[in-house]
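The analysis underlying the following values was restricted to heavy atoms, covering all of them including side chains, and did not include hydrogens, waters or symmetry mates. Letters go in sequence order (proteins before strands), and every chain restarts at 1.
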Protein chains: 2
Amino acid sequence: MTTSELAEPRTPRRREVIPEATVARLPLYLRALHTLADEGTQTVSSEALAEASGVNSAKLRKDLSQLGSYGTRGVGYDVTHLISQISRELGLSRRCSVVLVGVGNLGRALAGYGGFASRGLAIDALLDADRAMTGEQIAGMTVRHIDDLAQVVVPGSIGVIATPASAAQEVCDLLVGAGVTSILNFAPTVLNVPADVDLRKVDLSIELQILSFHEHRKSLA
Amino acid sequence: MTTSELAEPRTPRRREVIPEATVARLPLYLRALHTLADEGTQTVSSEALAEASGVNSAKLRKDLSQLGSYGTRGVGYDVTHLISQISRELGLSRRCSVVLVGVGNLGRALAGYGGFASRGLAIDALLDADRAMTGEQIAGMTVRHIDDLAQVVVPGSIGVIATPASAAQEVCDLLVGAGVTSILNFAPTVLNVPADVDLRKVDLSIELQILSFHEHRKSLA
DNA sequence: ACGCGCTTGTGAACGCGCGCACAAAGTCAG
DNA sequence: CTGACTTTGTGCGCGCGTTCACAAGCGCGT
């Protein structure tokens with residue numbers, strides 16, 4: 001054990017791998033921090049930030065400790081510094097390309113949603129398979145035909161599927177074919193992707209059904 | 001302990017309490033089952049249904065066993081029967097009232113989203129604080145002013161908040177005041193509700209940020 | 001300079017959920 | 001009627017995530 005007790009003795013930082021549950025909460029913290037920064041707050045305690053983020057304070061401290069120790073004991077966390085650390089970790093420092101496919105009701109809503117831009121995740125391109133849509137201006141962008149996909153995708157692009165369920169798999173395949181390795185699916189269908197592609201889904205109706213379950217439970221209690 | 005070893009010896013059914021993780025997957029199964037039913041399939045194995053739902057087959061069997069045993073060994077599950085069992089458990093049998101507040105981009109998309117109606121969860125009322133919107137027709141419904149809230153809420157109603165973040169807490173309080181005990185929040189903000197109110201949130205930008213993290217990770221690997 | 005009080009960072013215990021692997025149970029052919 | 005095959009239902013072990021509780025660390029007042 002004289003020379004190689006540890007695999008990487010030169011990197012004492014603990015952010016080898018960040019738990020998925022922590023990653024899912026970082027955006028919450030980031031949002032709360034931006035609000036605090038806008039109010040002029042310079043320092044925040046884990047207790048206060050946890051309250052503003054809607055989580056437990058011990059959990060928050062453990063989460064933040066995953067990306068290295070950026071707090072000062074007895075004082076708290078520096079708001080600005082923490083924002084930059086979390087942003088960097090999430091890859092929001094340099095702007096990330098987002099390509100949205102499907103400009104129906106939901107697609108338009110997503111295109112106009114301000115929440116993206118304020119986090120460095122503005123949508124760069126709008127695509128649709130319907131040529132009747134092509135050329136239309138939505139949220140300051142011109143809708144292009146899906147055939148132009150290869151021209152708008154750059155390495156590291158994130159694809160967003162907001163098409164009807166019937167077209168989702170086809171669009172998904174096109175995105176994968178164009179080199180996209182991260183896809184967010186809003187269509188209510190299960191998509192098949194290669195193992196190296198990250199796929200996340202948001203089904204608006206599922207959340208309502210879960211609420212329905214709990215409401216139903218209350219009514220028969 | 002001679003007379004009361006068990007709390008409820010008369011109810012052998014095992015659906016005392018259904019795990020939250022299972023509840024969250026029931027809508028997935030339901031969707032897959034509806035697709036199968038439309039194709040004319042009458043019976044389905046756990047393996048096939050799991051595949052169609054995008055989950056592990058053992059997990060699916062365990063989930064379904066939570067609501068009682070509705071499968072036949074050697075055969076599988078009866079599609080129609082399973083649909084009705086899951087629907088009943090989720091409280092979708094008798095139509096559930098949904099009140100949507102905020103008819104901006106996202107609100108309009110939700111109002112027109114077909115995924116709700118097909119699951120017995122049609123939106124019943126559209127409300128907005130902006131009187132300029134009042135009277136407008138969206139997806140076959142007339143937008144009413146938020147002041148009419150008490151007139152459209154019935155016991156068991158689910159409230160959906162699709163307003164800007166700045167108005168969300170105020171609208172939330174109004175909903176709670178009107179007797180709503182289940183709320184789905186799309187506004188990117190943390191809401192405070194009494195303990196007896198169920199609150200779920202969907203933040204569209206969080207999912208993108210999580211993808212951004214993974215994409216970022218890939219790029220520096 | 002020194003100790004007091006505040007806040008972070010984390011060790012440890014607990015509980016939940018996942019998935020394997022198998023026994024129980026039902027079907028179907030002969 | 002019997003035996004072989006199929007599929008369900010579940011016991012069990014494992015790993016992740018959450019939470020408590022406390023020691024370590026830092027600033028500030030005196």
Side-chain angles (χ1 to χ4, degrees), chain A residues 12-29 32-33 36 41-83 85-86 89 195 210 213, chain B residues 12-29 32-33 36 41-82 85-86 89 206 210 213-214:
Chain A
R13 51 177 181 182
R14 56 179 57 81
R15 52 198 171 98
E16 288 258 355
V17 68
I18 295 186
E20 196 56 34
T22 295
V23 174
R25 282 186 295 266
L26 290 181
L28 253 62
Y29 306 149
L33 285 166
L36 287 169
T41 310
Q42 299 203 337
T43 307
V44 66
S45 71
S46 66
E47 190 64 39
L49 182 54
E51 162 94 26
S53 307
V55 303
N56 183 293
S57 71
K59 183 155 43 177
L60 179 135
R61 286 198 299 275
K62 190 155 281 189
D63 283 343
L64 294 186
S65 77
Q66 303 283 355
L67 21 145
S69 302
Y70 296 119
T72 307
R73 301 183 189 218
V75 178
Y77 299 89
D78 181 82
V79 173
T80 308
H81 189 224
L82 203 48
I83 286 176
Q85 293 300 339
I86 294 180
E89 198 63 45
I210 295 172
F213 168 83
Chain B
R13 51 175 181 183
R14 56 180 57 81
R15 52 198 169 97
E16 288 256 357
V17 68
I18 295 184
E20 196 58 33
T22 295
V23 174
R25 282 187 295 266
L26 290 181
L28 253 65
Y29 306 149
L33 285 165
L36 288 169
T41 311
Q42 299 203 335
T43 305
V44 66
S45 72
S46 66
E47 191 64 40
L49 183 54
E51 162 92 27
S53 307
V55 303
N56 181 291
S57 70
K59 185 154 46 175
L60 179 136
R61 286 198 298 276
K62 193 159 283 189
D63 283 343
L64 294 185
S65 76
Q66 302 284 356
L67 23 143
S69 302
Y70 296 118
T72 306
R73 299 182 191 220
V75 178
Y77 298 88
D78 181 83
V79 173
T80 308
H81 189 224
L82 204 47
Q85 293 301 339
I86 295 180
E89 198 63 44
I206 283 182
I210 295 173
F213 169 84
H214 290 296

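Closest approach of B/Leu49 to B/Val44, counting heavy atoms only: N-CG2, 3.7 Å. Taking every heavy atom of both residues into account, B/Arg61 and B/Tyr77 meet most closely at CG-OH, 3.9 Å. When all heavy atoms of A/Ala24 and A/Pro27 are compared, the pair lying nearest together is O-CD, 3.6 Å.
Note: CD (B/Glu20) to P (C/dG15) measures 19 Å, nearest angstrom. Computed from coordinates, the B/Gln66 CD to C/dC16 P distance equals 12 Å when rounded to whole Å. The CG-C1' distance, from B/Asp63 to C/dG19, rounds to 12 Å in whole Å. The CG-P distance, from A/Asp78 to D/dG27, rounds to 13 Å in whole Å. In this structure, CG of A/Leu60 is placed 9 Å from P of C/dT8, rounded to the nearest angstrom. Atom pair A/Leu82:CG and C/dT7:P shows a separation of 16 Å (rounding to whole Å applied). Atom NZ in A/Lys59 sits roughly 22 Å away from atom P in C/dA12 (whole-Å rounding).
With B/Leu60 as the fixed residue, the side-chain contact (heavy atoms from CB on, under 4.5 Å) test singles out one of B/Leu28, B/Thr22, B/Val55: B/Val55.
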Before giving the answer on side chain to side chain contact (heavy atoms under 4.5 Å, CB included), spell out for B/Ile86 and B/Leu64 the whole-Å C-alpha distance, their side-chain angles and the decisive distance to 0.1 Å. CA-CA 9 Å; B/Ile86 295 180; B/Leu64 294 185; 4.3 Å; yes
Please test B/Thr72 against B/Thr43 for side chain to side chain contact (heavy atoms under 4.5 Å, CB included), starting from the C-alpha separation and ending with a verdict. CA-CA 10 Å; B/Thr72 306; B/Thr43 305; over 6 Å; no
Checking side chain to side chain contact (heavy atoms under 4.5 Å, CB included) for the pair A/Val23/A/Glu89: CA distance, chi angles, key distance, verdict? CA-CA 9 Å; A/Val23 174; A/Glu89 198 63 45; over 6 Å; no
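Residues A/Gln66 and A/Pro19 are in side-chain contact: their nearest non-hydrogen atoms beyond the backbone lie under 4.5 Å apart.
Of the residues in residues 49-57 of chain A, those placing a heavy atom less than 4.0 Å from an atom of DNA chain D are A/Asn56, in numerical order.
Counting only heavy atoms from C-beta on, A/Ala58 has its side chain closest to D/dC20 among D/dC20, C/dG17, D/dG17.
A donor-acceptor contact under 3.5 Å links the side chain of B/Lys62 to the base of C/dG19.
When the nearest nucleotides of DNA chain C are assigned to B/Arg61 and A/Arg61 by heavy-atom distance, the more 5′-ward of the two goes with A/Arg61.
When the shell of 6.0 Å around CD of A/Glu51 is examined, it contains 12 or fewer heavy atoms from other residues, nucleotides or ligands.
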Pull out every protein N or O sitting under 3.5 Å from an N or O of nucleotides 3-7 of chain D, one pair per line with the distance.
{"residue": "D/dT7", "atom": "O4'", "partner": "B/Gly74", "partner atom": "N", "Å": "3.1"}

